[in-house]
2 protein chains.
Amino acid sequence: MRYIQKAEYGVPPSTSIDESDPLFVQAIARAMQVLSAFHAAGKPLTLNEIAAAGGLGKSGAQRVVHTLRQLGYVERDADDRGYVPGIRILDHTRDYLRLNPLVARASPVLMELRRTVRERVDLSLRDGLRLVYAARLQSKRETFFATLVGQSVPIYCTSGGRAVMAHMSDAEVDEIIERSERREITPKTITDPGAIRAKVQEARENGYALALEEILQGEIAIATALVAPDGTPLGAIHIAGSLSEWDAETFCRRFAPLAGEAAGAINRF
Amino acid sequence: MRYIQKAEYGVPPSTSIDESDPLFVQAIARAMQVLSAFHAAGKPLTLNEIAAAGGLGKSGAQRVVHTLRQLGYVERDADDRGYVPGIRILDHTRDYLRLNPLVARASPVLMELRRTVRERVDLSLRDGLRLVYAARLQSKRETFFATLVGQSVPIYCTSGGRAVMAHMSDAEVDEIIERSERREITPKTITDPGAIRAKVQEARENGYALALEEILQGEIAIATALVAPDGTPLGAIHIAGSLSEWDAETFCRRFAPLAGEAAGAINRF
DNA sequence: AACCAAGTATCGCTGTACGATACATTCGTA
DNA sequence: TACGAATGTATCGTACAGCGATACTTGGTT
């Protein structure tokens, strides 16, 4: 059995909460740590691995896993070699997507956009230093695992991220750049603070952001921001294509207006 | 702000576990009950609503919601009118899909199938009396909310369900029929046990299952089962189209062989 | 056959989480 | 503008839920 590698670039949000809050139920935090152990996993995990990753003892892991198993949030792997996340998780996925008003508003517009552009169209939502993909309308050729709901990418080096940053103050942008763990995900990834600021400025002027192969070789993406009524950026719309079919200039000329219209339609309710 | 109605036909799996199991951490169960409160919600929920739906007191709900909020699994609604599921849920969605070997194996085949048939293609997984959609490759026209990951449908009255039942013993099929809460979801939904058994038998003979408007008016769907090496059915592949474009016979003649091939390719590793 | 690791079971003590209640704040209505 | 209802927030003493050390079972590997 082959399992998919983890390959998650986005930094999971800081789990550095806790402390002695009288309302904080730590058993729940333990459960979520156990579930989060799978974020870094590329295969089913054993109890001990879960214990280690979740930062708790064997007994604790045993109890938590047992409980989550009863409830359907953790399952035994098909060939009984370890634990994997359980199907009940998907029920909550549905709830999240259904009840997120931005997703609700954006969806018909995205479908329409996808129909027009015939390239991949994504909706991502901001969570701290990353963007999380909430809706993905694939085009023909990509592999499914490059386009999973729940995948996340860093803000600092993506088209969507820069579209989002374009709607922030310079101070906020600097803070994001500062706090991000800036790695060269591909050789083309822009990691220099000054260069990132320049790209953000460019996005402000153009009304859309562009990224070339900064996450994936051969990929070109443009994005426009989705904002709250008060102007706070909440996420982005992405259009992504292949550099084997497009040069950057044509891609932008063709799709930037469409991405702009779509974002506009969503932003004004 | 408009919110999407619940409209979930599949029966959520029984949460009738618990009792006095020494390894069972009930605080975790409480947390999951709170998250599950959103399954029946069509709008953000207040603390009291969550307490009621989750079957616990106000204090308990307060603590659990507080904790889940710290962790990002629950958020305040945008206009501060109630609570909604939080974005961290999507991280676990991704883990589930990544680590499910069936999804992993099926995905490339599904993408290829989608390219060929140009209609909606879905992958569903069995969970008790229902099928949960794990991957959905939309066609042009549907509304996004009809095609959410995590949506579930009953086994007894769907093409996928009957494809799955076709790989079970008569006794197992009867048990599913018996335990299912059989409602007429549309006027065309087949709810009579004998009629269901006949459709299952038909699926056994044809190697695929057919359903006409049993879940959604105007929809035609065929499905083939995905099975474990030992023959246990695990889920199904669906191809769904519109009756405004297809008559049943043409649809079957055209797509049944393709659905069969795809399932075959996935089933033999 | 012998070993090692994974999963399962047991148990007494402690500190976590329980739930009642009281407070604060925001909303809709008169 | 004042009122009342409902929502979210804070506090506190007590009981029992969950903690973690340890020991047992099972199954796969060398």
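Throughout, a chain's letter reflects where its sequence line sits, starting with A, and its residues are numbered from 1. All figures in this text were calculated on a predicted structure; none of them were measured in a lab.
Taking atom CG of residue B:Asp21 and atom C1' of nucleotide D:dA17, one finds them 13 Å apart after rounding to whole Å. Note: NE2 (A:His66) to P (D:dA17) measures 15 Å, nearest angstrom. Across the protein-nucleic acid pair, B:Leu68 atom CG and C:dA17 atom P stand 13 Å apart, rounded to whole Å. Atom P of nucleotide C:dA20 and atom CG of B:Leu56 are separated by 12 Å, given to the nearest angstrom. Straight-line distance from the CG atom of B:Leu45 to the C1' atom of D:dG8: 15 Å, rounded to whole Å. Atom CD1 of A:Ile50 is separated from atom P of C:dA5 by 18 Å (rounded to the nearest Å). A straight line from CG of A:Leu47 to P of D:dT25 spans 19 Å, rounded to a whole angstrom. In this structure, the CG atom of A:Asp77 is 15 Å from the P atom of C:dA6, given to the nearest Å.
Looking at the side chain of A:Ser59, the nearest of the listed nucleotides C:dT8, D:dT11, D:dT22 is D:dT22. Of the listed nucleotides (D:dG18, C:dT8, D:dT9), C:dT8 has the atom at the smallest distance from the side chain of A:Gln62. In the set D:dC19, D:dT9, C:dA17, the nucleotide with an atom closest to the side chain of B:Arg63 is C:dA17. The A:Arg76 side chain lies nearest to C:dG7 when the options are C:dG19, C:dA17, C:dG7.
Taking the nucleotide of DNA chain C with the nearest heavy atom to each of B:Leu23 and B:Val64, the more 5' of the two is matched to B:Leu23.
Not a single donor-acceptor contact under 3.5 angstrom links the side-chain atoms of A:Thr46 to the base of C:dA6. Judged by distance alone with a 3.5 Å cut-off, no donor-acceptor contact links the side chain of B:Lys58 to the base of C:dG19.
B:Arg81 and B:Arg76 make their closest contact through C-NH2, 4.2 Å (heavy atoms, listed as atom of the first residue, atom of the second, distance). When all heavy atoms of A:Asn267 and A:Ala225 are compared, the closest pair comes out as ND2-O, 3.4 Å.
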(request) Evaluate the ring-ring contact (aromatic ring centres under 6.0 Å, His included) criterion for residues B:His92 and A:Tyr96: first the C-alpha distance (whole Å), next the side-chain angles of each, then the deciding distance (0.1 Å), finally the verdict. (result) CA-CA 12 Å; B:His92 300 294; A:Tyr96 178 82; over 10 Å; no
(request) Decide side-chain contact (heavy atoms from CB on, under 4.5 Å) for A:Ser180 and A:Arg130; before the verdict, give the C-alpha distance in whole Å, the side-chain angles of both, and the deciding distance to 0.1 Å. (result) CA-CA 9 Å; A:Ser180 293; A:Arg130 59 181 191 147; over 6 Å; no
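For C:dG28, the OP1/OP2 oxygens have a side-chain nitrogen or oxygen of B:Arg81 closer than 4.0 Å. For A:Arg30, a side-chain nitrogen or oxygen approaches OP1 or OP2 of D:dC19 to under 4.0 Å.
The only member of A:Thr232, A:Ile155, A:Asp174, A:Ile176 that meets side-chain contact (heavy atoms from CB on, under 4.5 Å) when paired with A:Met168 is A:Ile176.
Counting non-hydrogen atoms under 4.0 angstrom, B:Asp80 reaches nothing in the nucleic acid.
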